[in-house]
Participant: 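Dropping the structure in here first, questions after.
When reading the values below, keep in mind they use all heavy atoms of this one structure, side chains included, and skip hydrogens, waters and symmetry mates.
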Amino acid sequence: MATRHLYLARHGAADAFGKLTDVGYRQSSLLGERLAGLPVDAVWHSPLPRATASAHELARHLPDVPVKEAAELIDHVPYVPSPAETPRSWAGFFDGYDEAEAASGQRLAEALVARFAKVPGHGPDTHEVLVTHAYPIAWLVRHALDAPPSRWLGLNSANTALTVIEYRDGLPPTMVMFNDMSHLPPDLRWTGFPGNMRP
């Protein structure tokens, strides 16, 4: 039975303009070193510059592995919860989202799942790295756990932290790890999180 291995990573640390910082390049390179021992078939990345730069930096450690853009990995809000579903800590975050924006985000989320959250058919195992953003990672984790749509809220990922999900035909997805930062030294961990969430 073929297994699809997805290695999900948030892009490296970026500045206020979305450009990868020196820290972000270091984080991405260390993630590449960690992935270098795996039989990676492809590196997919969001169209946004911080994800593109992260993907190319980590791919320096994966010779001959193709690096490709995937529109489904763009940063987006996958699901706008109703007021009853919204935790207090998120109050006000979705103010101003109109129905068209919410529907567009939900279509992107469905396309993300349709493209990556399944076994691509019979054949050998596949190993793919997805360099994306916190919300798409949260949505794929929520989907793998078959949790309610609003449960993507609060599933935070640090910059270049590694999340691994495996897909096998006829079986529920397997969460192998979530938000693992063991490839990063302490001074490069927990970037991308609000300060009050760091231990």
Side-chain angles (χ1 to χ4, degrees), residues 1-12 31 34-35 38-48 51 54-55 58 68-82 85-87 89-90 93-94 102-184 189-190 192-193 197:
M1 184 184 302
T3 301
R4 186 177 199 172
H5 305 263
L6 286 191
Y7 305 91
L8 310 173
R10 186 180 178 183
H11 58 80
L31 177 58
R34 179 174 183 176
L35 297 170
L38 299 172
V40 176
D41 298 297
V43 175
W44 300 95
H45 63 81
S46 155
L48 297 180
S54 297
L58 74 84
K68 306 173 187 178
E69 182 178 299
E72 297 88 348
L73 296 174
I74 191 83
D75 199 8
H76 68 280
V77 170
Y79 176 79
V80 176
S82 69
E85 296 173 296
T86 306
S89 59
W90 286 78
F93 182 84
F94 299 104
S104 175
Q106 196 154 1
R107 281 192 301 273
L108 270 170
E110 290 166 1
L112 174 68
V113 166
R115 181 166 182 185
F116 291 109
K118 63 180 183 178
V119 178
H122 299 290
D125 288 3
T126 58
H127 298 260
E128 298 160 279
V129 177
L130 276 54
V131 182
T132 183
H133 308 272
Y135 296 169
I137 292 171
W139 188 253
L140 287 169
V141 169
R142 179 222 63 83
H143 176 268
L145 298 175
D146 198 23
S150 62
R151 193 58 193 92
W152 73 271
L153 298 170
L155 293 173
N156 296 294
S157 292
N159 295 119
T160 72
L162 189 60
T163 293
V164 181
I165 307 175
E166 294 178 350
Y167 300 89
R168 293 174 187 83
D169 196 27
L171 295 172
T174 300
M175 284 295 312
V176 178
M177 68 176 65
F178 174 70
N179 202 43
D180 186 274
M181 294 177 271
S182 60
H183 52 285
L184 300 174
R189 295 177 186 172
W190 296 103
F193 276 85
M197 293 187 69

Participant: Do Arg34 and Asp180 touch side chain to side chain, with heavy atoms closer than 4.5 Å?
Facilitator: yes

Participant: Closest approach of Phe178 and Ser157, non-hydrogen atoms and distance?
Facilitator: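 Nearest pair, atom of Phe178 first, then Ser157: CE1-OG, 4.1 Å.
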
Participant: Is the closest side-chain heavy-atom distance between Tyr79 and Leu153 below 4.5 Å?
Facilitator: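 Heavy-atom side-chain distance check fails, nothing below 4.5 Å.
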
Participant: Between Leu145 and Val141, is any pair of side-chain heavy atoms under 4.5 Å apart?
Facilitator: yes

Participant: Do side-chain atoms of Asn159 reach the backbone of His11 as a donor and acceptor pair under 3.5 angstrom?
Facilitator: yes

Participant: Within the structure provided, determine whether His127 and Tyr7 are in side-chain contact (heavy-atom separation under 4.5 Å).
Facilitator: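 A side-chain contact under 4.5 Å exists here.
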
Participant: Tell me if a side-chain donor or acceptor on Asn179 pairs with a main-chain N or O of Ala158 at a distance below 3.5 Å.
Facilitator: yes

Participant: Which value, rounded to the nearest 0.5 Å, describes the distance between Leu6 atom CG and Thr126 atom OG1?
Facilitator: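 These two atoms lie 7.5 Å from each other.
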
Participant: Do side-chain atoms of Arg10 reach the backbone of Gly192 as a donor and acceptor pair under 3.5 angstrom?
Facilitator: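 Present.
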
Participant: Can you tell me if NE2 on His143 sees more than 12 non-hydrogen neighbours from other groups inside 6.0 Å?
Facilitator: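 Not more than 12 within 6.0 Å, no.
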
Participant: Is it the case that the side chain of Thr132 and the backbone of Leu73 share a donor-acceptor pair, with hydrogens and angles ignored and the cut-off at 3.5 Å?
Facilitator: yes

Participant: Taking C-beta and beyond as the side chain, do Ser46 and Val131 meet within less than 4.5 Å on heavy atoms?
Facilitator: no

Participant: CZ/Phe94 to OG1/Thr86 distance, rounded to the nearest 0.5 angstrom?
Facilitator: 6.0 Å

Participant: Indicate yes or no: at least one non-hydrogen side-chain atom of Arg4 is less than 4.5 angstrom from one of Phe116.
Facilitator: yes

Participant: Could you tell me the separation between the CG atom of Leu8 and the CD atom of Glu128, rounded to the nearest 0.5 Å?
Facilitator: 10.5 Å

Participant: Mind listing the closest non-hydrogen atom pair of Arg142 and Pro149 along with its distance?
Facilitator: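 In this case the closest contact between Arg142 and Pro149 is CD-O, 3.4 Å.
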
Participant: Once you round to the nearest 0.5 Å, how far does CD of Glu69 lie from CG of Leu48?
Facilitator: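 Reported value, rounded in 0.5 Å steps: 9.0 Å.
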
Participant: Starting at CG of Asp41, measure out to CG of Asp125 and round the result to the nearest 0.5 Å.
Facilitator: 9.0 Å

Participant: Could you walk me through whether Thr163 and Met175 pass the side-chain contact (heavy atoms from CB on, under 4.5 Å) check?
Facilitator: CA-CA 8 Å; Thr163 293; Met175 284 295 312; 4.0 Å; yes

Participant: As an exercise, state the distance from CG of Leu112 to CG of Leu130, rounded to the nearest 0.5 Å.
Facilitator: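 The CG atom of Leu112 sits 7.5 Å away from the CG atom of Leu130.
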
Participant: Provide the closest heavy-atom pair for Ser150 versus Pro81 in the form atom of the first, atom of the second, distance.
Facilitator: CB-CB, 4.1 Å

Participant: For the residue pair His183 and Thr160, establish whether any side-chain heavy-atom pair is separated by less than 4.5 Å.
Facilitator: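 His183 reaches Thr160 side chain to side chain.
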
Participant: Closest heavy-atom contact between Gly12 and Ser54?
Facilitator: N-OG, 2.9 Å

